[in-house]
Asker: 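There's a structure below that I have some questions on.
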There are 2 protein chains.
Amino acid sequence: MVRRERKEVTIADVAQRAGVAPSTVSRVLNGHSGTPETRGAVLAAVEALGFSPDSIARSLRSRETRTVGLQVIDIANPLFAAVTRGAERVLRQGGYTLLLANSDGDRAVERHLLTTLASRPVDGLLLSLGDESDTEVAAQVGALRVPVVLLDRNFAVPATDVALSDHRSGVRDAVRYLLDLGHRRIGFLGGPDTLRPGRERRRAFDEMMRERGVEPDPALVRTGSLSAAFGVRETAALLDLPEPPTALLAGGNQLGTGALETIRRRGLRIPDDLSLVICDDIDAARLNDPPITVVARDVEALGRAAAELLLETMTGRRPSGGGRVELGTHLVVRASCRRL
Amino acid sequence: MVRRERKEVTIADVAQRAGVAPSTVSRVLNGHSGTPETRGAVLAAVEALGFSPDSIARSLRSRETRTVGLQVIDIANPLFAAVTRGAERVLRQGGYTLLLANSDGDRAVERHLLTTLASRPVDGLLLSLGDESDTEVAAQVGALRVPVVLLDRNFAVPATDVALSDHRSGVRDAVRYLLDLGHRRIGFLGGPDTLRPGRERRRAFDEMMRERGVEPDPALVRTGSLSAAFGVRETAALLDLPEPPTALLAGGNQLGTGALETIRRRGLRIPDDLSLVICDDIDAARLNDPPITVVARDVEALGRAAAELLLETMTGRRPSGGGRVELGTHLVVRASCRRL
DNA sequence: CTGTTAGCGCGTTCAT
DNA sequence: ATGAACGCGCTAACAG
């Protein structure tokens with residue numbers, strides 16, 4: 001272990017140099033005190049010595065760390081990367097630092113994480129856990145002593161705030177759009193039912209199909225994972241069906257890249273051989289030839305909104321719990337769907 | 001501010017319940033002590049009371065935070081996201097938590113960041129700063145009291161370790177490949193000269209051209225920014241030249257997406273109208289139709305390597321400074337370049 | 001091996 | 001408005 005030497009310059013040194021008591025230095029630095037004279041002396045000493053308060057010692061007394069934990073399933077997923085970027089910015093501007101934890105969707109990691117984070121190093125938490133059906137994790141979240149904001153999750157935990165995407169409206173628009181183009185055999189790729197985005201998209205898909213009098217064919221609905229590998233495999237399976245779909249809705253960006261990969265590999269053309277819509281506007285969709293129609297949302301704004309929600313409760317402007325933001329999704333029509 | 005209540009259960013409570021002294025509890029928990037009897041009593045009390053040590057208090061004494069700061073220019077850039085993912089994993093497995101800071105390439109933010117981080121909340125730092133020519137930032141880095149690993153940067157700071165990519169070999173291969181296909185007018189899009197990746201790629205480009213007796217046309221070399229917007233604009237400018245390039249090498253993934261965007265917008269075909277090579281293997285390149293030839297590298301491994309370097313010095317296995325890893329880059333030939 | 005004592009550096013009482 | 005004393009929770013040093 002690195003054994004670092006003692007703090008080079010402490011508040012006591014500043015006090016001595018300024019000819020005042022340590023407590024006075026503390027007060028000046030925290031703005032509780034005012035005589036211009038002593039202020040000047042203290043600040044001069046601070047400057048001369050290059051003093052900067054020890055954040056650990058400060059935290060021990062104040063019981064605040066000015067740190068917020070953010071847990072995501074995979075920071076390399078552009079979705080989470082954008083959320084992180086938005087949250088980090090707002091938190092930094094609010095004087096907080098971000099502690100990042102990547103769970104890889106591993107429950108054991110998430111449990112360990114929550115245990116660690118409960119031992120005080122953070123003032124608040126932004127969570128987008130990997131499995132809403134994990135009751136143990138839910139219990140841990142419920143037992144946390146710090147404010148929590150759930151990111152697009154719907155856990156059975158009462159006192160948390162939530163920042164959500166309104167997946168349903170965008171997916172409904174997408175399905176309606178495909179139906180209007182004459183598609184009836186529409187394939188659906190979705191994440192696990194234990195995660196809100198997957199449930200909402202799936203539900204919106206079923207709803208809109210039925211509203212138009214089209215009963216979704218169970219053989220065309222493939223859910224269970226958000227991975228690109230799942231997208232690759234299930235798209236291939238769908239295409240191998242005796243009656244393959246004429247259109248495909250990928251309910252997740254990695255499912256979308258997986259679908260694209262299979263489509264490429266088989267030499268199929270979009271939209272002639274298959275129409276495609278992807279949820280979340282990623283580079284690979286926008287820059288595709290032809291550009292892919294997507295269900296877009298401002299993911300970075302979601303991160304910002306979540307961070308703002310958390311800041312409000314951490315700074316006492318609002319009690320924790322019950323807070324809720326929901327950001328819209330909308331269909332961006334490009335050129336990946338053909339009229340039947 | 002949130003004023004959190006005092007710690008619910010402390011080491012003293014455990015000591016009392018176990019009938020031992022607080023220091024004994026501490027020793028048991030840190031493995032310094034051993035009588036099976038006392039161990040059992042202490043652990044039972046810990047279990048019964050649900051005690052978990054306060055990390056802040058522990059840090060104040062031990063002068064370790066078990067936290068590492070990672071600064072990147074933009075976490076939403078898939079490159080940095082992958083580095084982060086790799087680093088986080090290794091650090092977590094090593095018992096460290098990651099503090100993430102996004103600088104947006106803003107020097108003021110970076111300076112502020114280094115000041116904050118110097119006030120002790122981290123045991124080590126992983127930095128990929130935005131401008132190697134910023135002497136003030138360099139001075140700050142040099143003054144840090146914790147071990148530092150530079151990520152693909154070459155600062156004039158002696159005692160730091162570095163984790164680098166060998167951009168040159170990959171770019172040389174790419175240029176040689178284009179020359180072998182008969183291209184002579186090769187455009188080059190590059191980042192700023194104040195960042196190692198930009199310098200190395202540019203240098204490799206010039207070198208290989210000259211080795212083959214082709215003097216690079218200054219009009220075809222556009223460097224200065226790594227942004228997609230710069231890629232969009234400069235690609236357009238290159239195409240508007242009286243004698244436009246027959247091939248384009250984009251020295252950065254965002255420059256590559258920018259180039260793709262302009263190519264799409266103008267309705268040009270790859271590789272018939274323009275051959276293209278992109279540095280870094282992103283989804284948009286791999287999934288493009290036709291798939292784009294890239295200079296690939298394992299960015300996640302770079303993050304892992306940097307984290308391992310840092311762990312070595314933080315745990316005292318190696319003195320800080322002089323450590324260096326360099327990971328390879330290689331050309332992945334796909335279908336975006338035509339023979340002239 | 002264990003208990004006692006003494007801080008780590010800061011903020012916050014309580015006096016003055 | 002300022003100084004003195006104390007304590008946040010834990011671990012290292014010193015005895016025994």
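Residue numbers begin at 1 in each chain, while the letters A, B, ... track the order of the sequences. What you see is a predicted model; the values in this text were computed from it and never measured.
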Asker: May I ask you to check whether B/Thr115 and B/Gln140 show a side-chain donor-acceptor distance below 3.5 Å?
Answerer: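 Result is yes, a qualifying pair exists.
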
Asker: Considering non-hydrogen atoms only, spot the tightest contact between B/Arg318 and B/Leu309 and give its length.
Answerer: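 Looking at all heavy atoms of both residues, the shortest contact is NH2-O, 3.3 Å.
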
Asker: Mind listing the closest non-hydrogen atom pair of B/Pro121 and B/Thr116 along with its distance?
Answerer: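 Closest approach of B/Pro121 to B/Thr116, heavy atoms only: CD-O, 3.7 Å.
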
Asker: B/Glu8 CD to D/dG9 P: how many Å, rounded?
Answerer: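 About 9 Å, once rounded to whole Å.
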
Asker: In whole angstroms, how far is the P atom of D/dG9 from the CZ atom of B/Phe51?
Answerer: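 After rounding, the reported distance stands at 10 Å.
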
Asker: What is the distance, to the nearest angstrom, from the CD atom on A/Gln16 to the C1' atom on C/dG9?
Answerer: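 That distance rounds to 16 Å.
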
Asker: Which listed nucleotide (D/dT2, D/dG9, C/dG3) is nearest to the side chain of A/Thr35?
Answerer: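 So the side chain of A/Thr35 is nearest to D/dT2.
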
Asker: Among side-chain atoms of B/Ser103 and B/Glu110, is any donor-acceptor pair under 3.5 angstrom?
Answerer: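 A donor-acceptor contact under 3.5 Å links the two side chains.
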
Asker: Whole-Å distance between D/dC8 C1' and A/Glu64 CD?
Answerer: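 From A/Glu64 CD to D/dC8 C1': 14 Å.
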
Asker: D/dC10, C/dG3, D/dC8: which one has an atom nearest the side-chain heavy atoms of B/Asp54?
Answerer: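 The answer is D/dC10.
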
Asker: Could you give the CZ-to-C1' distance, from A/Arg58 to C/dC8, as a whole number of Å?
Answerer: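 Checked: the CZ to C1' distance equals 16 Å.
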
Asker: Nearest to the B/Thr38 side chain among C/dT2, D/dG9, C/dG11, which nucleotide is it?
Answerer: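 Side chain of B/Thr38 sits closest to C/dT2.
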
Asker: Grab the two heavy atoms, one from A/Ser320 and one from A/Thr313, that are nearest each other, plus how far apart they are.
Answerer: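 Between these two residues, the closest heavy atoms are CA-CG2, 4.0 Å.
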
Asker: Using every non-hydrogen atom in the two residues, find where A/Arg153 and A/Phe80 come nearest and quote the distance to one decimal.
Answerer: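 Here A/Arg153 and A/Phe80 meet closest at NH2-CZ, 4.2 Å.
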
Asker: What is the distance, rounded to the nearest whole Å, between atom CG of A/Leu29 and atom P of C/dG11?
Answerer: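 Taking atom P of C/dG11 as the reference, CG of A/Leu29 is at 7 Å.
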
Asker: Check every strand shown and say whether A/Pro22 touches a base, only sugar-phosphate, or nothing at a heavy-atom separation below 4.0 Å.
Answerer: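 Result for A/Pro22 = nothing.
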
Asker: D/dT11, OP1 or OP2 - any side-chain N/O from B/Ser62 closer than 4.0 Å?
Answerer: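 No, no such contact exists.
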
Asker: Specify the separation, in whole Å, of atom CG of A/Asp13 and atom C1' of C/dC8.
Answerer: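 About 14 Å, once rounded to whole Å.
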
Asker: Decide yes or no for A/Ile75 and A/Val72: does some side-chain heavy atom of the first lie under 4.5 Å from some side-chain heavy atom of the second?
Answerer: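 Touching, per the 4.5 Å side-chain cut-off.
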
Asker: Identify whether any heavy atom of B/Val20 sits under 4.0 Å from a base atom; if not, whether one sits that close to sugar-phosphate; answer base, sugar-phosphate or nothing.
Answerer: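 Contact class for B/Val20: sugar-phosphate only.
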
Asker: Between D/dC10, C/dG3, C/dG9, which nucleotide has the shortest distance from any of its atoms to the side chain of B/Ala21?
Answerer: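 The closest nucleotide is C/dG3.
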
Asker: Out of D/dC8, C/dC8, C/dG3, which nucleotide sits closest to the side chain of B/Leu60?
Answerer: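 In terms of side-chain proximity for B/Leu60, the closest of D/dC8, C/dC8, C/dG3 is C/dC8.
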
Asker: Between C/dT12 atom P and A/Arg63 atom CZ, what is the distance in whole Å?
Answerer: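 One finds 13 Å between P of C/dT12 and CZ of A/Arg63, rounded.
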
Asker: Any protein N or O atoms within reach of nucleotides 13-16 of chain D? Criterion: under 3.5 Å, listing atom names and distances.
Answerer:
{"residue": "D/dA13", "atom": "N6", "partner": "B/Arg27", "partner atom": "NH1", "Å": "3.3"}

Asker: D/dG7 base to A/Arg61 side chain: any donor-acceptor pair below 3.5 Å?
Answerer: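 Indeed, a donor on one side and an acceptor on the other fall under 3.5 Å apart.
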
